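Report on the following structure.
Note on naming: letters A, B, ... go to the chains in the order of the sequence lines (proteins, then strands), and numbering restarts at 1 for each one. As the structure is a prediction and not an experimental result, all values here were calculated from the model.
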There are 2 protein chains.
Amino acid sequence: MGLQRPPDQNSETVERMIKAAEELFSERGHENVSLRQLTSHAGVNVAAVNYHFGSKELLVEAVFENLVQRVCEQRELALEKLQPGESLMLEEIVRSFVDPYLGDGNEKQGALLARFLMRNRLYPTDGTRRVVSEYLDPMAKKYIAAFAQVCPNLSRQQLVWRYLFMTNTLAASSAGDNLSRRIGALSANSGNVELRERREAMIEFLVSAFR
Amino acid sequence: MGLQRPPDQNSETVERMIKAAEELFSERGHENVSLRQLTSHAGVNVAAVNYHFGSKELLVEAVFENLVQRVCEQRELALEKLQPGESLMLEEIVRSFVDPYLGDGNEKQGALLARFLMRNRLYPTDGTRRVVSEYLDPMAKKYIAAFAQVCPNLSRQQLVWRYLFMTNTLAASSAGDNLSRRIGALSANSGNVELRERREAMIEFLVSAFR
DNA sequence: TATAGTTTCAAACTCTCATTTGAACTTAAT
DNA sequence: ATTAAGTTCAAATGAGAGTTTGAAACTATA
């Protein structure tokens with residue numbers, strides 16, 4: 001009968017669409033990727049989006065949720081590994097937060113996540129809010145608790161602020177390749193900036209911001 | 001003959017359009033404001049946009065340039081007022097940077113600027129890049145020089161990084177009212193967060209990030 | 001093999017948007 | 001008063017987007 005709610009099956013088609021979406025969204029942002037571009041890049045029919053996800057918006061949210069879930073799992077693991085030892089290092093907490101965000105190798109994951117988080121900041125929807133409150137907020141509380149152990153001089157309120165500023169810095173610094181260009185313009189140096197270098201500078205910045 | 005380039009006149013119509021654009025853009029972002037909404041809110045005809053600016057994109061860039069110019073002028077003044085005394089305070093430099101950005105009273109200006117800067121980070125165009133290199137970059141060099149005086153222990157490279165992280169934090173923290181909601185979710189406190197409070201917390205954060 | 005449910009496909013549909021158009025109106029100079 | 005340029009207007013245009021459709025292809029079960 002035409003229009004039925006498809007179950008959450010892991011069909012080949014769905015995976016290909018999500019993969020294509022991650023690639024294209026991380027480059028141009030989901031508002032600049034039409035369904036025709038997306039589906040042709042994935043090698044599936046245009047109608048597949050509405051058939052499998054219901055709408056473009058729901059596809060976007062599925063990709064977002066997918067990614068956030070992945071990152072939060074990695075953070076969970078990294079944070080747990082830190083807890084047992086009593087001597088909790090500030091820098092290691094920051095690293096356990098930043099590393100899963102940026103992912104490995106290329107900067108695509110960080111860029112994608114940054115786009116989503118900025119988008120949620122500027123134009124939140126019910127779906128994106130749900131992802132934040134379901135995955136990010138519980139994780140945030142754990143991090144704030146961890147920071148509280150290392151920074152006993154900061155009040156709970158201050159910790160909340162700084163945690164949020166940290167996430168903002170991370171998101172804003174990962175979005176687009178514009179930062180590298182800007183650094184070239186401001187430094188006397190040559191333009192090219194290494195990824196590793198950027199990551200280390202940011203961690204240094206964040207660590208000092210918690211002191 | 002139909003299509004001529006109109007000069008930069010300060011006609012009533014142009015002013016009304018820019019004013020309406022600032023209001024609507026700061027609330028919903030320029031991608032979510034159609035020209036019909038914009039012009040009807042301004043009380044002018046739809047065709048006026050293309051007649052006076054050439055296109056929607058050029059109107060957006062004009063609003064952006066307008067705003068950035070204003071903010072940079074205020075920063076210039078505030079920074080100059082600081083220089084004469086030898087005892088340059090880190091916190092005052094940060095304030096001279098933050099205050100013109102956030103504007104006075106309502107948070108509309110900060111939100112508008114944040115949207116533009118994020119947009120430029122995610123989807124830069126020739127026009128927005130021009131505004132950045134023409135207004136923001138020269139200003140940035142002055143600020144980096146000022147920070148260098150107060151933070152002699154930081155290398156030039158570190159100063160550049162931290163300046164950029166500062167701008168990112170500022171932009172990300174000013175965009176949307178989502179931050180307040182998030183704080184409510186993470187604190188045990190009640191949801192409402194004062195503007196002043198937020199501003200002070202951010203300045204505290206930024207100051208500590210430069211130490 | 002027959003049948004019912006699921007998935008794919010090309011094509012059409014609908015809607016909104018920025019942009020263009022040509023006439024009407026205003027303004028200022030000759 | 002006449003003319004020409006600048007400006008405004010309602011209406012049309014056309015491109016591009018997401019979505020829907022109904023038939024065809026596929027898959028599994030009986």
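Checked for salt-bridge contact, Arg119(A) and Glu31(A) meet the test: a charged N lies under 4.0 Å from a carboxylate O. Under the 4.0 Å criterion applied to side-chain N and carboxylate O atoms, Arg95(B) and Glu200(B) are assigned as salt-bridge partners. Of the charged side-chain nitrogens involved, none lies within less than 4.0 Å of a carboxylate oxygen, so that Glu22(A) and Arg115(A) do not count as a salt-bridged pair. Salt bridge status for Glu27(A) with Lys108(A): absent, with no side-chain N to carboxylate O gap under 4.0 Å.
Nearer to the 5' terminus of DNA chain D, by closest-nucleotide assignment, is the contact made by Val33(A) (compared with the other of Val33(A) and Ala47(A)).
When heavy atoms are screened at a 4.0 angstrom cut-off, Val49(B) is found touching no nucleic acid atom at all.
When distances are taken from the side chain of Tyr51(B) to each of dA18(C), dT7(D), dT19(D), the shortest belongs to dT7(D). Nearest nucleotide to the Asn45(A) side chain, out of dT19(C), dC9(C), dT7(D): dC9(C). Looking at the side chain of Thr13(A), the nearest of the listed nucleotides dA10(D), dT19(C), dT7(C) is dT7(C).
The distance between atom CZ of Arg36(B) and atom P of dA10(D), rounded to the nearest whole Å, is 13 Å. Across the protein-nucleic acid pair, Leu59(B) atom CG and dC17(C) atom C1' stand 15 Å apart, rounded to whole Å. In this structure, His30(B) places its NE2 atom 14 Å from C1' of dA18(C), rounding to the nearest Å. In this entry the distance linking CG of Leu35(B) with P of dT19(C) reads 6 Å, nearest Å. The distance from atom CG of Leu24(B) to atom C1' of dC17(C) is 16 Å, rounded to the nearest whole Å. Atom CD in Gln37(A) sits about 14 Å away from atom C1' in dA15(D), given to the nearest Å. As a whole-Å value, the separation of Asn50(B) CG from dT13(D) C1' is 13 Å. Between the P atom of dA17(D) and the NZ atom of Lys56(A) lies a distance of 8 Å, rounded to the nearest Å.
Listed pair His52(A) / dT8(C) meets the phosphate criterion, a side-chain N or O lying under 4.0 Å from OP1 or OP2.
Note that Arg75(A) lies in the cation-pi zone of Phe97(A), set by a 6.0 Å cut-off to the ring centre and a 45° limit from the axis.
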